Asks: 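Dropping a structure here in C-alpha cells format, bear with me for questions.
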Amino acid sequence: MKESYNPKDIENKWRKDWDEKKLYQVEVDNNKEKYYVLEMFPYPSGRIHMGHIRNYTIGDVTARYKRTRGFNVLHPIGWDAFGLPAENAAIERGVHPAKWTYENIEQMKAQLKKLGYSYDWTREIATCDPTYYKWEQMVFTHMYQKGLAYQKSTTVNWCPSCETVLANEQVEDGQCWRCGSEVELKEMAGWFLKTTEYTEELLEWADKLKDGWPERVLSMQKNWIGKSTGAEIEFKLHDTIGEEDIVKVFTTRPDTVFGVTYMSLAPEHPLVEELIKGKPEEEEVLEFVNRVKKQSNLERVADGAKKEGVFTGAYAINPFTHLSIPIYVANFVLFEYGTGIIMCVPAHDQRDFEFAKEYNLPIRVVIQPEGVELDPHTMKEAYVEPGVMVNSQQFSDLESATAKENIVEFIEQNGLGEKQINYRLRDWGISRQRYWGTPIPIIYCDKCGAVPVPDEDLPVELPLDIEFTGKGGSPLSKVESFVNTTCPDCGDPAKRETDTMDTFVESSWYFLRYASPKYTQGIFNKDEVSYWLSVDQYIGGIEHAILHLLYARFFTKALRDLGMCDLDEPFKNLLTQGMVIKDGTKMSKSVGNIVDPDDMIAKYGADTVRLFIMFAAPVNRDLDWSDEGVEGSFRFLNRVWRLIFDVYDKIEQVKGKQVEPSKISKSAKELLTKVHKTIKKVTDDLDRFQFNTAIAAVMELLNDTSRFKPDGQDDLPVLREAVEAMIRLLYPMAPHVSEELWHELGYDNTLVDMQWITWNEELVQSAAINIVIQINGKVRSQITMDSDSDQDQMKEAALLDEKVQSFIAGKEPKKVIVVPKRLVNIVV
RNA sequence: GCCGAAGUGGCGGAAUUUGGUAGACGCGCUGGACUCAGAAUCCAGUGGGCAUUGCGCUCGUGGGGGUUCAAAUCCCCCCUUCGGCACCA
C-alpha cells in the first residue's frame, strides 16, 4: 500500500474497471425490485458547472446506495439538446448548431465521466436526434387528432431579442426567462397544447403527491393554476346591441351582487366598439383605449399604477336590484381572464372602491362586519371580509358565506347564470419561430387545410443546409426544399409549417424514453416502461418548479390518454436541490466567482469534490462554496488513507477473523458500539437524503478509530471492523477511494455490487450508558449506568449522587421524572 | 397584498422526525510539538460573561408571552430575511 493518497492514480483506474465490467448497464428484471433515479438532464452548453455537479452527485450517491440495498437501479443521462444558444452560436460564429451541440456533448460527457457517475451510458439520448424527435412529432399529430393540440391566432408573448414567442410560464416579471428582454404582446397564429384539459387532474394529483414532493413546489404549481370558484352572472344591457342583449361576468363574490353599482370591461374587449358606436362618448373612449393599448404590460400593472377608466355611455341592469348601472372601460380589467368584463362592487372590492372614489360612483354596502356599521360616505377602504348580509332583499340577515351559496342557487334557478370555476392556467403555446427545434409536423394545403404528417412519413427532419442570418423570421421558412411539399391527403402542392416546438416539449417525456431508448417499433416499449416507470426519485433545481415540472406532468397525462403509457404522474418523489453560491451570490461569469470543476478535480480528485458538495449543506438549501472547505474534505480522505496505512500490518493479519466480544478491552467495546451506531446513523441519513450528517458521522468514526489503541491481539478484529465499515459507508459519496482501499484490504469483489453493510442492534445498545441528572430542569450531574437499569434503579442512583445531594441539601424532592436510558429530573 | 420557507457560535451547519446534556461534524482562529525556517502533519483549546485554587456558576437558539418537571423543538403575538404569485374580479 502506498503511503499517501493520490487520487489521480486510483480514479482513472477504477472508472476504467467499472466501465469494462459494464456494471451500470441494467435490464428489466422482474425478479428484482426496480428503483429509477433521475437527475434533470443538462442543456449541452459546453461546460459542466457546480450546480450540475451538485445535482448529479446527489443522484449518483442515491443510485449507488439503492443498488447496495438490492434494487435494480436505472440511472440514465442524456441531453436536452435543442435550444437557442446553439442557433446563436451559428449566427455569431458560423458554426452549425448540430456541430456545436454534438461537440459540446462530447466535452461535457468527458467531464461527467471524470466524476465517476454510475450512469448507464448505453441509454444516452440527445433530443436533437431525429430518432428522438420523430416520436415527439408523432405525439403531436396524435394530440392534434384528439383535439389536444390546436392552432389559434391570439395575443402572444414575443421576445424581441430571441425573436420568438414565449409561453406564459416563460415570462417572468414581464421579461423573457432566457435573456431578460422585455416581452412584447403580439397578435399571432400558433400551435397550442391543451394543458387546460387537465387542470383539475393536475390539481387533484398535486394533493396526492404531497408525500413525495416539496410543499413549496406544489404550492407554486397550485398558485400558477390559480383556481377560483364563483359564478358567471348575466347582466341585461339597457339597449340591445344587434342580437346581443346581455353581458356575462365572472365573480368569486356572488354574495356581493346587490352591491354592484357599475361594470367595467377591458380596453381590448370587442364589445367596447359596439357599446360606444354613435354615442357622444365614442371619441373619448377610443382615445382612452388607444392610450392604454400602447402601454406595455409592465407599465399597466406597475406598482401603484392608477386605476383609470372612462364611461361608455351605455348602461346595464343589475338583475337583483333592477337598477341601471353605468358601463365603464377600465385599465385594470384583464381581457384574458374570465369574460373580460366585471361587475363592480366598490363597497367590497378594493380596486372597485378606488375606481369609484376617483369617478364618484355610488357605493352600496351589502355586507356588514360584526359590531361596526359601515357607512359608504366615510369608508376608507373596501370591506372584503365575510359578514352579515344587508340591503339584499330576501338574502338580508344571512351570513355572507351562506348567502353566497343561496344566491348562486337562485341564479341557476332563474336562468341568470351558473356556478363557475375559473383558472389562471392557459393552454401551452409551443410554436417557436426558430430553427434549432423539433419541426411541427403539419402541412398546409389550400384544399384540405392543416394536415398532420402521417406516421409513416415521420420524422420531418430538420434540413441541415441552411443559412443563419439572425434576421427576418423563422430560418426554416427560407428553405424552399423544406417548405414546398405535397398534401398527404390530396397530393396537391402544399407548404410545411415552419415553426418549431418549444424545447420544453422534449423534456416533457424524455424520462419515459430512457426505459427503451433505442426502441424503433413505437415511442415506448410498453413492458419496459411499465417496469421502470414512474421515476422513483427525481432531482433538480427549484427553478423548474412550474415550467418543466408542470409541462412534464401534463404531457404524461396526455400520453396516457393517447394510449402510449399507463402513467398518471411521472415523478413519485421530487428533490429540489439548492443553488451553489459563492461570496453570497450565484456563481456567474459576470460576477467572476465561478469555480471550475475541472480545476478542482485536477487538484483534489473527483471524490473530494463529490464529498465536499454533499457535506457542505443540506441538499435542499443553498450551498456556499468554500475553497477551505474543499481542502477540509481532501484532508479527511487523506486521514482515512493514512489511518489504514498506519494500521495496515495489524489488520492484515486478522482478515476474516470474528470479533470475540467477551475477550476485547473496554475501549474496543466502545469502538465497536460506535461502529454499529455509525452504520445505523448513516443508513438512516442516506434514506432521508441527509448526506451532510451521514458524512459527519463517518468523520466521527474516523476520529474515534484514529484515537483507538488496541489492547492485545483480540482487539485487532475490532479495529479491522471499524476500518471496513468506514470504507463501505463512504463508498456512495467517494466511490473511487473506497474501492481502492477495499481492494487494499485484500478483497477482490467490487463495492458497486456489494450489499449494504448492516448493523447489529445489540451492539448499538452499549452496556454502559450515560445518564443525565437534572435538578429543576438544569443539568447538574451525570452518572454511568447499565443500559438495562430500570426506572427505580435510575431514580435511586440519581438521588445518591454526591452532587445531587449537595444541591438538594436535605430538602425532600417534590417529584422525580425518569426518562429511561436518558435522564432523571429531580424537582425540589 | 396573498401563499410558502427560514432565522442557532467568527463561518457552513448539528440537534426539530420522537420536547429530555444546545452547538455534533467541518472551516476559521489561538497555543503547542516537529523544522534552521516554512509548508504539510500531529496534539490541545475555541458561544458570551463571571470564577479561575479546584469543583464550577450564570446567560444564551430573531423578539415578547404561554404550556410543561423540562422548549431551538409545541401554542399565541410580533420582527427580519429569502422564494413564489400578484389589478385573476
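These numbers come from a predicted model, not from an experiment. Per chain, numbering begins at 1; letters A, B, ... match sequence-line order.
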Asks: Is the distance between the ring centroids of A/Tyr262 and A/Tyr359 less than 6.0 Å?
Replies: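 Centroid separation for A/Tyr262 and A/Tyr359: 6.0 Å or greater.
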Asks: Check nucleotides 71-75 of chain B for protein N or O atoms closer than 3.5 Å to its own N or O atoms and list the pairs.
Replies:
none

Asks: In whole angstrom, give the distance that lies between atom CD of A/Glu215 and atom C1' of B/A6.
Replies: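 After rounding, the reported distance stands at 13 Å.
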Asks: Rounded to the nearest angstrom, tell me the gap between atom CG in A/Asp684 and atom P in B/A15.
Replies: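 Between P of B/A15 and CG of A/Asp684: 12 Å.
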Asks: If I take atom NZ in residue A/Lys815 and atom P in nucleotide B/A70, what distance separates them, rounded to the nearest angstrom?
Replies: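 Computing the A/Lys815:NZ to B/A70:P distance gives 9 Å.
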Asks: Just checking, any donor-acceptor pair under 3.5 angstrom between side chains of A/Trp213 and A/Asp211?
Replies: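 Not at all, the side chains of A/Trp213 and A/Asp211 share no donor-acceptor pair under 3.5 Å.
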Asks: Cation over ring, A/Arg553 on A/Trp205, under 6.0 Å and within 45°?
Replies: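 Judged by the rule (NZ or CZ under 6.0 Å from the ring centre, within 45° of its axis), A/Arg553 is not positioned above A/Trp205.
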Asks: What is the separation between atom CD on A/Glu172 and atom P on B/A86, rounded to the nearest whole Å?
Replies: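 In whole Å, B/A86 P and A/Glu172 CD are 10 Å from each other.
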Asks: Rounded to whole angstroms, how far apart are CG on A/Leu701 and P on B/A24?
Replies: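 Interatomic distance, CG of A/Leu701 to P of B/A24: 18 Å.
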Asks: Checking base pairs now: Watson-Crick or wobble, both atom distances under 3.5 Å. What partners B/U61?
Replies: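 B/U61 is unpaired by these criteria.
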Asks: Looking only at side-chain N and O atoms, does A/Thr256 offer a donor or acceptor that is under 3.5 Å from a partner on A/Tyr383?
Replies: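 No, no side-chain donor-acceptor pair sits under 3.5 Å.
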Asks: Could you state the CZ-C1' distance from A/Arg688 to B/U16, rounded to the nearest angstrom?
Replies: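 That distance rounds to 11 Å.
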Asks: Would you classify A/Asn703 as touching base, sugar-phosphate or nothing, given that sugar-phosphate means primed atoms plus P, OP1 and OP2, and contacts are heavy atoms under 4.0 Å?
Replies: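 Sugar-phosphate, backbone atoms only, no base.
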Asks: Using a 4.0 Å heavy-atom cut-off, does A/Glu336 contact any base of the nucleic acid, only the sugar-phosphate backbone, or nothing at all?
Replies: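 Counting heavy atoms under 4.0 Å across all strands, no contact is made by A/Glu336.
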Asks: Which is more 5' along RNA chain B, the nucleotide nearest A/Glu700 or the one nearest A/Ser228? Just name the residue.
Replies: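 Its nearest nucleotide being more 5', the pick is A/Glu700.
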Asks: Rounded to the nearest angstrom, tell me the gap between atom CH2 in A/Trp224 and atom C1' in B/A86.
Replies: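 These atoms are roughly 11 Å apart.
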Asks: Give me the ring orientation class for A/Trp177 and A/Phe504: parallel if the planes are under 30° apart, tilted from 30 to 60°, perpendicular past 60°.
Replies: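 If you compare the ring of A/Trp177 with that of A/Phe504, the planes turn out tilted.
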Asks: Closest-nucleotide mapping onto RNA chain B: is A/Arg426 or A/Asn223 further toward the 5' terminus? I mean the 5' end.
Replies: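 Mapping each residue to its closest nucleotide by heavy atoms, the 5'-most match is A/Asn223.
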